[in-house]
A.B. asks: 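Sending over a structure as structure tokens; questions will come in a sec.
Computed from a predicted structure; not experimentally measured. Numbered from 1 within each chain, the chains take letters A, B, ... in sequence-line order.
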Amino acid sequence: MSVKKKVIDRGLVYELLKKVPKGRVTTYGALARAVGHPDSARAIGALMRSNPYAPTVPCHRVVYSDGRLGGYGGIKGLGKKARMLAREGVKVKNGRIVNFEKHYFEIPQTLSSYP
DNA sequence: AATATGGCACAAA
DNA sequence: CTTTGTGCCATAT
């Protein structure tokens with residue numbers, strides 16, 4: 001099998017993230033998995049951190065697998081992140097998403113076998 | 001090129 | 001439920 005690509009496709013990550021509907025949230029691990037890198041959860045965060053496509057990519061909809069918010073430029077950004085999520089219908093309580101499973105949106109792994 | 005940092009995830013205690 | 005330790009990958013300097 002021709003396995004050539006080792007690095008994550010940033011464009012693909014952003015595309016998938018953009019596919020996340022409003023009022024729903026996903027996790028870094030899920031995103032990593034969707035792009036074909038099940039162990040690159042952290043890398044996803046790194047890509048978000050760079051955030052080259054600022055408001056184009058809803059990086060604020062990406063949270064920890066535990067249901068917590070995660071980062072967003074530090075503890076300061078968390079408040080803003082929580083507010084944005086709450087505004088979209090995702091209630092955040094004490095830095096944790098309420099009914100996380102309910103708002104969780106698993107990204108279709110259809111593009112996992114992307115060249 | 002190498003080191004340090006970081007917006008993660010999971011298991012074990 | 002909280003804390004510790006380990007793995008994994010991208011970016012910045």
A.B. asks: Report all interatomic pairs (protein N or O, nucleotide N or O of nucleotides 8-12 of chain B) with separations under 3.5 Å.
C.D. replies:
residue, atom, partner, partner atom, Å
B/dC8, OP1, A/Y64, OH, 2.8
B/dC8, N3, A/R42, NE, 3.4
B/dC8, N4, A/R42, NE, 3.4
B/dC8, N4, A/R42, NH1, 3.2
B/dC8, N4, A/R42, NH2, 2.5
B/dA9, OP1, A/G29, N, 3.1
B/dA9, OP1, A/S65, N, 3.4
B/dA9, OP2, A/S65, N, 2.7
B/dC10, OP2, A/S65, OG, 3.3

A.B. asks: For A/G73, answer base if it contacts any base atom (sugar-phosphate contacts may also be present), sugar-phosphate if it contacts only those atoms, and nothing otherwise; contact means non-hydrogen atoms under 4.0 Å.
C.D. replies: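 The residue A/G73 makes base contact.
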A.B. asks: Counting Watson-Crick and G-U wobble pairs whose two distances are both under 3.5 Å, find the runs of 3 or more in a row that involve DNA chain B.
C.D. replies: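 If one scans DNA chain B for consecutive Watson-Crick or G-U pairs, the stems found are B:2-6 with C:9-13, B:8-13 with C:2-7.
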A.B. asks: Quick one: side chain to side chain donor-acceptor pair (under 3.5 Å) pairs with a partner in residues 94-105 of chain A, sequence neighbours left out?
C.D. replies: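 Matches after skipping sequence neighbours: none remain.
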A.B. asks: Expressed in angstrom and rounded to an integer, what is the separation of A/L85 atom CG from B/dG7 atom C1'?
C.D. replies: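 Taking CG of A/L85 and C1' of B/dG7, I get 13 Å after rounding.
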A.B. asks: Quantified in whole Å, what is the C1' atom distance between nucleotide B/dA1 and nucleotide C/dA12?
C.D. replies: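 Result for the C1' pair: 14 Å, nearest Å.
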A.B. asks: Round to a whole Å and report the spacing from CG of A/D9 to C1' of C/dC9.
C.D. replies: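 Going from CG in A/D9 over to C1' in C/dC9 covers 14 Å.
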A.B. asks: Rounded to the nearest angstrom, tell me the gap between atom CZ in A/R61 and atom C1' in B/dG7.
C.D. replies: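 Value for this atom pair: 17 Å.
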A.B. asks: Testing A/I8, A/L12, A/T26 one by one against A/L31 for a side chain to side chain contact (heavy atoms under 4.5 Å, CB included), which residue passes?
C.D. replies: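 Looking at A/I8, A/L12, A/T26, the match for A/L31 under the side chain to side chain contact (heavy atoms under 4.5 Å, CB included) is A/T26.
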A.B. asks: For A/R96 and for A/D39, locate the closest nucleotide of DNA chain C by heavy-atom distance; then report the residue assigned to the nucleotide nearer the 5' terminus.
C.D. replies: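 The residue mapped nearer the 5' terminus is A/R96.
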A.B. asks: Measure the spacing between CZ of A/R49 and SG of A/C59 and express it to the nearest 0.5 Å.
C.D. replies: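 So the CZ of A/R49 and the SG of A/C59 are separated by 13.0 Å.
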A.B. asks: Could you list the donor-acceptor pairs under 3.5 angstrom formed by side chains in residues 39-47 of chain A, with sequence neighbours left out?
C.D. replies:
none

A.B. asks: Apply salt bridge (Lys or Arg N to Asp or Glu O under 4.0 Å) to A/K18 and list each qualifying residue two or more places apart in sequence or on a separate chain.
C.D. replies: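 With sequence neighbours excluded, A/K18 shows a salt bridge (Lys or Arg N to Asp or Glu O under 4.0 Å) to A/E15, given in chain and number order.
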A.B. asks: Could you tell me the separation between the OH atom of A/Y14 and the CG atom of A/D9, rounded to the nearest 0.5 Å?
C.D. replies: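 CG of A/D9 is found 11.0 Å from OH of A/Y14.
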A.B. asks: Do any N or O atoms from the side chain of A/K81 and from the backbone of A/V62 form a donor-acceptor pair under 3.5 angstrom?
C.D. replies: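 Side chain of A/K81 to backbone of A/V62: a pair is present.
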A.B. asks: With nearest nucleotides of DNA chain C determined for A/R68 and A/S40 from heavy-atom distances, which residue corresponds to the more 5′ nucleotide?
C.D. replies: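 On the 5' side of the pair lies A/R68.
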A.B. asks: Could you state the atom-to-atom distance from CG of A/L78 to P of B/dG7 in whole Å?
C.D. replies: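 About 10 Å, once rounded to whole Å.
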A.B. asks: Roughly how many Å apart are B/dT5 and C/dC8, using the C1' atom of each and rounding to a whole number?
C.D. replies: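 Looking at atom C1' only, C/dC8 and B/dT5 are 14 Å apart.
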A.B. asks: Distance from A/R33 atom CZ to A/I107 atom CD1, nearest 0.5 Å?
C.D. replies: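 Going from the CZ atom of A/R33 to the CD1 atom of A/I107 covers 10.5 Å.
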A.B. asks: Taking only residues two or more places apart in sequence or in another chain, which ones pass salt bridge (Lys or Arg N to Asp or Glu O under 4.0 Å) with A/E88?
C.D. replies: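 With sequence neighbours excluded, A/E88 shows a salt bridge (Lys or Arg N to Asp or Glu O under 4.0 Å) to A/R61, given in chain and number order.
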A.B. asks: How many whole angstroms separate atom CE of A/M48 from atom C1' of B/dG6?
C.D. replies: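 Atom-to-atom, A/M48 to B/dG6, this comes out as 14 Å.
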